[in-house]
Amino acid sequence: MARSLLSWTSRNPVADFDTIGRESALVFPDFARAPNIADHPDVYEQENEAIDPTGVLWRALRAEADWAGRTIVDLGCGTGFWLPRYAADPGTAVIGVEPDPDLRARAAARVTTPVLAGSAEHLPLEDGSVDVVHARFAYFFPPDCEPGLREVLRVLKPGGRLVVIDNDWRHGEFGALLSRSAWATAQGTADTTDEWWRRHAARRTEVMSSWRCRDAAELESVLRIEFPSDVVDQWLTAHPNRHELTYGYTLFTVTA
């Protein structure tokens, strides 16, 4: 099992910032650069703004593991878009973890909460130090995720929860686009994913939401950072002037 990368105090799971700075050049062996956000961070911001306009996903996440007044880790926090929303609950301690140094710098500039250099296999946190971990489209693409799961379980307190936010490949217009994208299927099939999480005693929850962009041009921009051009072209031809599509999520929750 991977161990902590940084030195910690006995009372606080977060290292001092001088130590974090010295570790910022670490290369994490499990890190795979995500071109959608890394190459297009501004468009990815628009994507995040379009996610879940009615809040159904957000309510489902809270039902799985309420983080209010607790310590929550956003694993693979990217540019830190969701960190302020977690921190809006009084008394909540929020920690971002991100392996990409460019994205981590954006996140750190956005919030006053700690944003640490780390990855799923290398969490810079003490054993049993956090209550909730969220991984939103980060790392957990079965069937080869055991090292990261072991590491998350190490840092969770007894009874703490990991909630993985994944795509629903079976339902919604976004799932249909995924099924037509050869590069995406390299992550594994829905059946493979479900079976892997079942073997690790995860609770599976389906949530149907949507993307709602400001206009059709914005939706097209967002689609083009997520899918091959031919797939996007076909969808746009069949759905002219759309600024919204249905989006299914699958949540996998593991209790420590």
Side-chain angles (χ1 to χ4, degrees), residues 31-58 60-61 74-86 88 96 98-111 115 134-141 164-188 190 206-251:
F31 169 50
R33 182 176 177 274
N36 55 351
I37 181 173
D39 291 344
H40 311 278
D42 294 332
V43 178
Y44 201 81
E45 290 283 305
Q46 295 175 333
E47 178 178 322
N48 277 320
E49 291 168 1
I51 284 174
D52 193 37
T54 64
V56 61
L57 173 63
W58 202 253
L61 289 172
D74 186 352
L75 174 56
C77 68
T79 61
F81 183 90
W82 299 104
L83 297 178
R85 188 160 184 177
Y86 293 127
E98 174 56 46
D100 186 309
D102 295 329
L103 300 181
R104 189 168 63 249
R106 280 180 172 250
R110 174 176 234 143
V111 295
V115 180
H134 279 183
R136 187 184 297 263
F137 313 121
Y139 178 80
F140 289 101
F141 307 113
V164 172
I165 301 96
D166 202 352
N167 294 308
D168 186 337
W169 291 68
R170 299 184 179 93
H171 307 104
E173 291 172 300
F174 188 89
L177 285 164
L178 276 176
S179 68
R180 295 165 56 192
S181 304
W183 62 265
T185 58
Q187 294 180 0
E206 293 182 359
V207 180
M208 182 54 67
S209 185
S210 65
W211 271 352
R212 184 180 298 163
C213 293
R214 284 179 281 261
D215 53 37
E218 183 177 272
L219 179 59
E220 178 178 352
S221 297
V222 169
L223 290 173
R224 290 198 182 281
I225 71 169
E226 296 292 352
F227 299 106
S229 293
D230 61 329
V231 172
V232 176
D233 290 343
Q234 292 171 18
W235 193 89
L236 292 174
T237 299
H239 305 86
N241 301 316
R242 287 275 299 275
H243 71 280
E244 184 172 1
L245 56 75
T246 57
Y247 196 137
Y249 298 90
T250 306
L251 308 183

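Owing to the predicted nature of the structure, the values given are computational and were not obtained by experimental measurement.
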Item to complete: I would like to know whether Leu103 and Ile37 meet side chain to side chain contact (heavy atoms under 4.5 Å, CB included); could you show each step before the answer?
Response: CA-CA 8 Å; Leu103 300 181; Ile37 181 173; 3.9 Å; yes
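Contacts of His243 classified as ring-ring contact (aromatic ring centres under 6.0 Å, His included), with partners at least two apart in sequence or in another chain: none. Residues forming a salt bridge (charged side-chain N to carboxylate O under 4.0 Å, His left out) with Glu218 (at least two apart in sequence, or on another chain): Arg214. By the ring-ring contact (aromatic ring centres under 6.0 Å, His included) test, Phe174 is found to be paired with Trp211, Phe227, Tyr247, residues two or more places apart in sequence or in another chain being considered. Legend: residues meeting salt bridge (charged side-chain N to carboxylate O under 4.0 Å, His left out) with Arg224, ordered by chain and number and at least two apart, are Glu220, Asp233. For His40, there are no side chain to side chain donor-acceptor pair (under 3.5 Å) partners two or more places apart in sequence or in a different chain. With sequence neighbours left out, the side chain to side chain donor-acceptor pair (under 3.5 Å) criterion links Glu206 to Arg204. With sequence neighbours left out, the side chain to side chain donor-acceptor pair (under 3.5 Å) criterion links Asp168 to His171. Residues forming a ring-ring contact (aromatic ring centres under 6.0 Å, His included) with Tyr86 (at least two apart in sequence, or on another chain): Trp58, Trp67, His134. Under the salt bridge (charged side-chain N to carboxylate O under 4.0 Å, His left out) criterion, Asp215 pairs with no residue at all, not counting sequence neighbours. Under the rule for a salt bridge (charged side-chain N to carboxylate O under 4.0 Å, His left out), the partners of Arg33 that lie at least two apart in sequence or sit in another chain are Asp39. Evaluation of the side chain to side chain donor-acceptor pair (under 3.5 Å) rule for Glu244 yields Ser210, Arg212 as partners, not counting sequence neighbours.
Looking only at side-chain heavy atoms (C-beta outward), Met208 and Tyr249 stay at 4.5 Å or farther from each other. The shortest side-chain heavy-atom distance between Arg110 and Leu83 does not fall under the 4.5 Å cut-off. The shortest distance between side-chain heavy atoms of Glu226 and Tyr44 falls below 4.5 Å.
Of the possible donor and acceptor atoms, none in the side chain of Arg136 sits under 3.5 Å from a partner among the backbone N and O of Val164. Using a distance-only test at 3.5 Å, with no hydrogens or angles considered, a donor-acceptor pair links the side chain of Glu173 to the main chain of Thr246.
Heavy-atom minimum distance, Arg104 versus Val115: CG-CG1, 3.6 Å.
Rounding to the nearest 0.5 Å places SG of Cys213 at 10.0 Å from CD1 of Ile51. With values rounded to the nearest 0.5 angstrom, Asp100 atom CG is found 10.0 Å from Cys77 atom SG. Leu223 CG to Leu236 CG: the interatomic distance, rounded to the nearest 0.5 Å, is 6.0 Å. Considering CH2 of Trp169 and CG of Leu177, their distance stands at 11.0 Å, rounded to 0.5 Å. Here the CD1 atom belonging to Ile165 is positioned 6.5 Å from the CG atom belonging to Leu251, to the nearest 0.5 angstrom.
Residues Glu45 and Thr79 have side chains that bring a donor and an acceptor to within less than 3.5 angstrom of each other. Side-chain contact annotation: Asp52 with Ser209, donor-acceptor N/O pair under 3.5 Å present.
Salt bridge status for Arg106 with Glu98: absent, with no side-chain N to carboxylate O gap under 4.0 Å.
Within the structure, salt bridge (Lys or Arg N to Asp or Glu O under 4.0 Å) contacts touching residues 74-86 (residues at least two apart or in different chains) do not occur.
Taking a 6.0 Å sphere around CG of Asn241, one finds it holds 12 or fewer heavy atoms contributed by other residues, nucleotides or ligands.
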